[in-house]
Amino acid sequence: MDKKKITNMEVKKKNRNEVFRYICKHGTVSNPDISYNLKMSLPTATQITKELIEKGLVEENGELESTGGRRAKALSAVVNIKLAVGLDITKNHITLVLTNIIGKILKWERIYQPYVSEDAYYGNVSERLEHFLDEGDVDRSKVLGVGISFPGIMDLDRELITYSHILGVEAVPFSAVSRFFPYPCIFLNDANAGAYAEGFHEKGTESFFYLSLSNTVGGAFFSKKELMQGKNFRCGEVGHMTVAADGDTCYCGKKGCLDAYCAAGRLSGITDGKLEQFFNLLDQGEADAVRIWDYYTDYLAMAVNNIHMVLDCDIILGGYVGSYMGTHLQDIWNKVAERNTFGEKNSYVRGCNYKVAAAALGAALKMIESFVSRI
């Protein structure tokens, strides 16, 4: 009897989650819409939306236009009832994002803040976060928490940043960071966070690989609305995939890693670190920029083809380089197509949807999802 009761409660909770997600994704809907698209009875849909209205998560906004019968009540999410903050920590900067329950960016900021593994650093970041919220006149009671994106391996079972080559730290407990923030915190690897931002609004159960091309190269595999973590939480670490035997030295100390060839610095090195300026030169056909881009895309195309051969899914190019790529995405597809064994005609290489603050947004969205899953 108890088992049956627990099962029924779990089913009701799952249905509430699905209904609320559907309303958040589709804006203004009706109970008949929900019933038809989620394949549940109209009385069940109506009862769930009533419960969500009572919780203050959903509201009625008049009636929809008639399609031949009685006009249905228009329902929509109370989008700003809860908010989440995303914090992306990198070697030289922090990025802050504020998002609402439907994943809309309300405010974001990138701040120069070189990383130092000291309490003072985290204390300063916490102060900057509070200033960020003050500027947005944010009601702290609405803040669900902070999603923290970190360039390192996250052991979610042990709640530990096992190591980050780029920041020079290892075996850092989540609690050693979260204790500086007066909000619940969750942690994601930076590439995983970027992938989660891309996947949050994806339709259906599409799978894709997110290739993050920033100051370091990372990746993440997103499938069936979930991040694939791997046995040791290292799934997607393609930045350390070998693309040249005994090649250039990577920051990890090994030779020939993809990161050594496709980190953003390979391009911005000729423009004093300004990636946008590099792409401006490339657009103008400047000789050095064209030469470097050709070299860069040789290795990037090799990596993209390798990933596709293993996973047979679309590849989304994100990070700093992915954000600026624009029409030059075709250059990469042309080289990938030449390598592709199966002669696929349709491009499976896509540009990212989020050009700024993707990792911070993804971390914030993970906090939003944690809340929604408990409704």
Side-chain angles (χ1 to χ4, degrees), residues 84-99 105 107-133 143-156 158-197 210 212-220 227 233-234 236-237 239 251-252 259 263-265 273 275 318-320 323 354 356-368:
V85 178
L87 167 63
D88 180 33
I89 293 174
T90 67
K91 187 175 182 178
N92 291 308
H93 296 85
I94 61 169
T95 300
L96 295 162
V97 161
L98 180 70
T99 184
I105 295 178
K107 175 180 169 63
W108 77 279
E109 183 178 12
R110 187 168 184 251
I111 304 166
Y112 180 70
Q113 182 75 47
Y115 180 81
V116 183
S117 183
E118 297 176 355
D119 287 358
Y121 169 84
Y122 292 112
N124 190 34
V125 171
S126 181
E127 289 177 8
R128 285 178 175 268
L129 187 152
E130 293 299 332
H131 181 66
F132 173 78
L133 294 176
V143 177
L144 293 168
V146 182
I148 301 177
S149 162
F150 207 91
I153 306 300
M154 304 287 162
D155 188 322
L156 303 181
R158 294 189 293 161
E159 297 188 348
L160 189 72
I161 303 167
T162 57
Y163 56 86
S164 170
H165 283 299
I166 197 68
L167 298 185
V169 297
E170 60 180 297
V172 179
F174 291 172
S175 59
V177 178
S178 63
R179 64 191 174 94
F180 291 94
F181 302 95
Y183 313 98
C185 295
I186 60 172
F187 290 77
L188 276 80
N189 163 270
D190 55 348
N192 281 349
Y196 196 80
Y210 181 79
S212 177
L213 305 166
S214 291
N215 291 332
T216 58
V217 176
L227 289 164
F233 299 98
R234 295 197 291 263
E237 285 291 328
Y251 70 87
C252 74
D259 195 290
L275 194 59
Y320 300 155
S323 299
Y354 294 99
V356 297
L361 175 61
L365 293 176
K366 194 67 174 174
M367 181 61 74
I368 292 289

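This one's a predicted model, so the numbers in the text were calculated from it and none came from an experiment.
- Summarising the geometry of A359 relative to A193, their closest heavy-atom pair is O-CB, 3.2 Å, with the distance given to 0.1 Å.
- Between F180 atom CZ and E127 atom CD the span is 11.0 Å, to the nearest 0.5 Å.
- The list of salt bridge (charged side-chain N to carboxylate O under 4.0 Å, His left out) pairs with a residue in residues 158-178, not counting sequence neighbours, reads D155-R158.
- Atom CZ of residue F132 and atom OG1 of residue T95 lie 10.0 Å apart, to the nearest 0.5 angstrom.
- Under the side chain to side chain donor-acceptor pair (under 3.5 Å) criterion, Y163 pairs with no residue, sequence neighbours left out.
- Across every non-hydrogen atom of N192 and A220, the tightest pair is OD1-CB, 3.0 Å.
- The shortest heavy-atom contact between L227 and Y196 is CD1-CD1, 4.0 Å.
- In this structure a side-chain-to-backbone donor-acceptor pair under 3.5 Å is present from T162 to I153.
- Residues V85 and F181 fail the side-chain proximity criterion, which asks for heavy atoms closer than 4.5 Å.
- Inter-residue side-chain proximity for I166 and N215 is flagged as unmet; no heavy-atom pair is nearer than 4.5 Å.
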List the atom pairs, donor and acceptor, that lie under 3.5 Å between side-chain atoms in residues 109-119 and the rest of the protein, sequence neighbours left out.
unit_1	atom_1	unit_2	atom_2	d
R110	NH2	H93	ND1	3.2
R110	NH2	Y320	OH	3.2
Q113	OE1	N124	ND2	3.0
Q113	OE1	R128	NE	2.9
Y115	OH	Y122	OH	2.7
D119	OD1	R179	NH2	3.1
D119	OD2	R179	NH2	3.3

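- Partners of D259 under the side chain to side chain donor-acceptor pair (under 3.5 Å) rule, at least two apart in sequence or in another chain, do not exist in this structure.
- With respect to F150, the side-chain contact (heavy atoms from CB on, under 4.5 Å) criterion is satisfied by exactly one of V169, L188, D190: V169.
- Scanning both residues, A364 and A84, for their nearest heavy atoms gives O-CB, 3.6 Å.
- With sequence neighbours excluded, the residues that form a side chain to side chain contact (heavy atoms under 4.5 Å, CB included) with I105 are V97, W108, L361.
- Rounding to the nearest 0.5 Å places CZ of F174 at 9.5 Å from CD1 of I148.
- In this structure the side chain of S126 reaches within 4.5 angstrom of the side chain of P182, judged on heavy atoms.
- Heavy atoms only, all atoms of each residue included: M367 and G147 are closest at CE-N, 4.5 Å.
- Remark: K91 pairs with no residue by the salt bridge (charged side-chain N to carboxylate O under 4.0 Å, His left out) rule, at least two apart or across chains.
- In this structure a side-chain-to-backbone donor-acceptor pair under 3.5 Å is missing from S214 to G319.
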